Asks: 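What follows is a structure written as structure tokens; I'll ask about it next.
From a predicted model like this one, the values you see are computed outputs, not experimental measurements.
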Amino acid sequence: MATTRVPLRRAADYTVLGVLAFIFVLPVLYLLLGSLKPSDEVLNGLTGFLPTHLTFANYAHVLDALNSDSTGYFWRFMGISLLVAFVVVTGGLFVNSMAAYGMSRLKWRGREAVFTLVLLLMLVPFESVAVPLFYMFNGQRNTVFIQAVPFIANAFSVYQFHTFFGKIPPSIEEAARLDGAGPWRTFFAIIVPMSKPAFASVAILTFLTQWGSFLWPVLMVSDPSVRPLPLEMSVFQGQQPPDWGQILAFGVLLVLPVLVVFAFFQRWFVQGVASSAVKG
């Protein structure tokens, strides 16, 4: 009797998961199909899911509309966003991982108090400090520097690294110390290669957060030459009359780099999720 219940329960689980996955995929499917349809067929309710009159004209129109000095260049907006995200992700991986390593593996006075402060910083929403930061860095407006540097150090990333580093057996570092390796060599030669899932998770989450950043660019960027892609999309969407086919095509172009980043890091990301589930 018990043997028959297992396949039935497994089938029920897969059915529920399949239905939930289908529901979550629907908006993405609507976005993709809408980007390939004429504007007057996009907002037609459920008929928007019908793959009719598909064409890449919307993508061509978006690239043509943003291809002059007066409107700015699409690929320049994309390049600014990629540059800012690259600086934040790479700088964040370096800074936050070392900070977490110092607080989780090295012995020094006050480290618990510092880590508690990091945890408290996680409770502070960015919106509450955005205006003070605006006045503090007002002289750096309209620069790539100011779009990236304030977000390199991140309390949540430190917490993620700290949690992962705490699961690494201390005997590994003790063996490295006996071989003459100092803290720097231990970190870069042993800890970093063992922590690929943590680095992948932090990289993906940091990229997602930074790629969709909107409030800070609104406050600090008014020059189109350094405008990131999400801010340009709001400008493009505000044009009248709105062409929803082109707006959805812009949205697809905005999402593509996120898919590329996830595809690059997904193997280590899945390993980290799987290992956490097993240990949990």
Asks: Take atom CZ in F86; do more than 12 heavy atoms of anything else shown fall under 6.0 Å from it?
Replies: no

Asks: Working to the nearest 0.5 angstrom, can you tell me the gap between L106 CG and E173 CD?
Replies: 8.0 Å

Asks: Determine whether W75 and L63 make a side-chain contact, defined as any pair of heavy atoms from C-beta on separated by less than 4.5 Å.
Replies: yes

Asks: Please examine the side chains of M103 and W108, heavy atoms only from C-beta on, and report whether any two atoms are closer than 4.5 Å.
Replies: yes

Asks: CD/Q210 to OG/S81 distance, rounded to the nearest 0.5 angstrom?
Replies: 8.5 Å

Asks: Can you confirm whether more than 12 heavy atoms, excluding those of Y59, are under 6.0 Å from its OH atom?
Replies: yes

Asks: Between N96 (side chain) and N154 (backbone), is there a donor-acceptor pair under 3.5 Å?
Replies: yes

Asks: Which pair of non-hydrogen atoms, one from V221 and one from V226, has the smallest distance, and what is that distance?
Replies: CG1-O, 3.7 Å

Asks: Check for me, please, whether V235 and L215 land in the same ILVMFWY cluster - side-chain distances under 4.5 Å, paths through other members count.
Replies: no

Asks: Without swapping roles, check the side chain of S195 against the backbone of A198 for a donor-acceptor pair under 3.5 Å.
Replies: no

Asks: For L31 and V252, what are the C-alpha separation, side-chain angles and deciding distance, and is it a side chain to side chain contact (heavy atoms under 4.5 Å, CB included)?
Replies: CA-CA 7 Å; L31 171 67; V252 172; 3.8 Å; yes

Asks: Given 3.5 Å as the limit, does a donor-acceptor pair link the side chain of R111 with the main chain of G102, or not?
Replies: no

Asks: Are L26 and F22 close enough, and set up right, to give a side chain to side chain contact (heavy atoms under 4.5 Å, CB included), and what steps lead you there?
Replies: CA-CA 6 Å; L26 281 179; F22 178 74; 3.7 Å; yes

Asks: Which heavy atom of Y101 sits nearest to which heavy atom of F187, and what is that distance?
Replies: CG-CD1, 3.5 Å

Asks: Donor-acceptor pairs under 3.5 angstrom involving side-chain atoms of residues 114-131: please list them, not counting sequence neighbours.
Replies:
from : atom 1 : to   : atom 2 : distance (Å)
T116 : OG1    : E112 : O      : 2.8
S128 : OG     : P125 : O      : 2.6

Asks: Say whether T71 and S68, considering side chains only, have a donor N or O and an acceptor N or O under 3.5 Å apart.
Replies: yes

Asks: Side chains of F156 and V202, heavy atoms from C-beta outward: is any pair under 4.5 Å?
Replies: no

Asks: Please report the interatomic distance CD1(I80) to CD(Q147), rounded to the nearest 0.5 Å.
Replies: 7.0 Å

Asks: Can you tell if the side chain of M194 reaches within under 4.5 Å of the side chain of I172, non-hydrogen atoms only?
Replies: yes

Asks: Check F94 against F188 and note the closest heavy-atom contact, atom names and distance.
Replies: CE1-CZ, 3.7 Å

Asks: With rounding to the nearest 0.5 Å, note down the distance linking CZ in F77 to CG in L229.
Replies: 8.5 Å

Asks: Determine the minimum heavy-atom distance between S157 and T206, stating which atoms define it.
Replies: OG-OG1, 3.8 Å

Asks: Assigning hydrophobic clusters by single linkage (Ile, Leu, Val, Met, Phe, Trp, Tyr; side-chain heavy-atom cutoff under 4.5 Å), is F262 placed with L205?
Replies: yes

Asks: Begin from the C-alpha positions of F250 and F74 and carry the test ring-ring contact (aromatic ring centres under 6.0 Å, His included) through to its verdict.
Replies: CA-CA 10 Å; F250 201 128; F74 177 87; 5.5 Å; yes

Asks: Do F264 and V87 sit in one hydrophobic cluster, given that two such residues count as connected whenever their side-chain heavy atoms are within less than 4.5 Å of each other, even indirectly?
Replies: yes

Asks: Please report the closest heavy-atom contact between L82 and P257, naming both atoms and the distance.
Replies: CD2-CB, 4.3 Å

Asks: CG/L219 to OH/Y135 distance, rounded to the nearest 0.5 angstrom?
Replies: 10.0 Å

Asks: Donor-acceptor pair, distance only, cut-off 3.5 Å: does the side chain of R105 make one with the backbone of F165?
Replies: yes

Asks: Would F161 and F199 count as a side chain to side chain contact (heavy atoms under 4.5 Å, CB included) if you check the C-alpha gap in whole Å, the side-chain angles of each, and the deciding distance to 0.1 Å?
Replies: CA-CA 8 Å; F161 279 121; F199 278 84; 3.7 Å; yes

Asks: Tell me yes or no: between the side chains of S222 and N142, is some donor less than 3.5 Å from an acceptor?
Replies: yes

Asks: Mind checking whether H61 and F56 have side chains closer than 4.5 Å, heavy atoms only?
Replies: no

Asks: Which heavy atom of H162 sits nearest to which heavy atom of S104, and what is that distance?
Replies: CD2-CB, 3.5 Å

Asks: Tell me whether V28 is reachable from L254 by hopping between hydrophobic residues (I, L, V, M, F, W, Y) whose side-chain heavy atoms are closer than 4.5 Å.
Replies: no

Asks: Would you call I146 and W216 a side-chain contact if the rule is heavy atoms closer than 4.5 Å?
Replies: yes

Asks: Hey, quick one: are V261 and L208 part of the same hydrophobic cluster, counting side-chain heavy atoms closer than 4.5 Å, chains of contacts allowed?
Replies: yes

Asks: NZ/K37 to CG/L248 distance, rounded to the nearest 0.5 angstrom?
Replies: 11.0 Å

Asks: Closer than 3.5 angstrom, by distance alone: can the side chain of D243 be matched with the main-chain N or O of Q246 as a donor-acceptor pair?
Replies: yes

Asks: Are W244 and P242 packed together at the side-chain level, in the sense that at least one heavy-atom pair is separated by less than 4.5 angstrom?
Replies: yes

Asks: Within the structure provided, determine whether W211 and V258 are in side-chain contact (heavy-atom separation under 4.5 Å).
Replies: yes

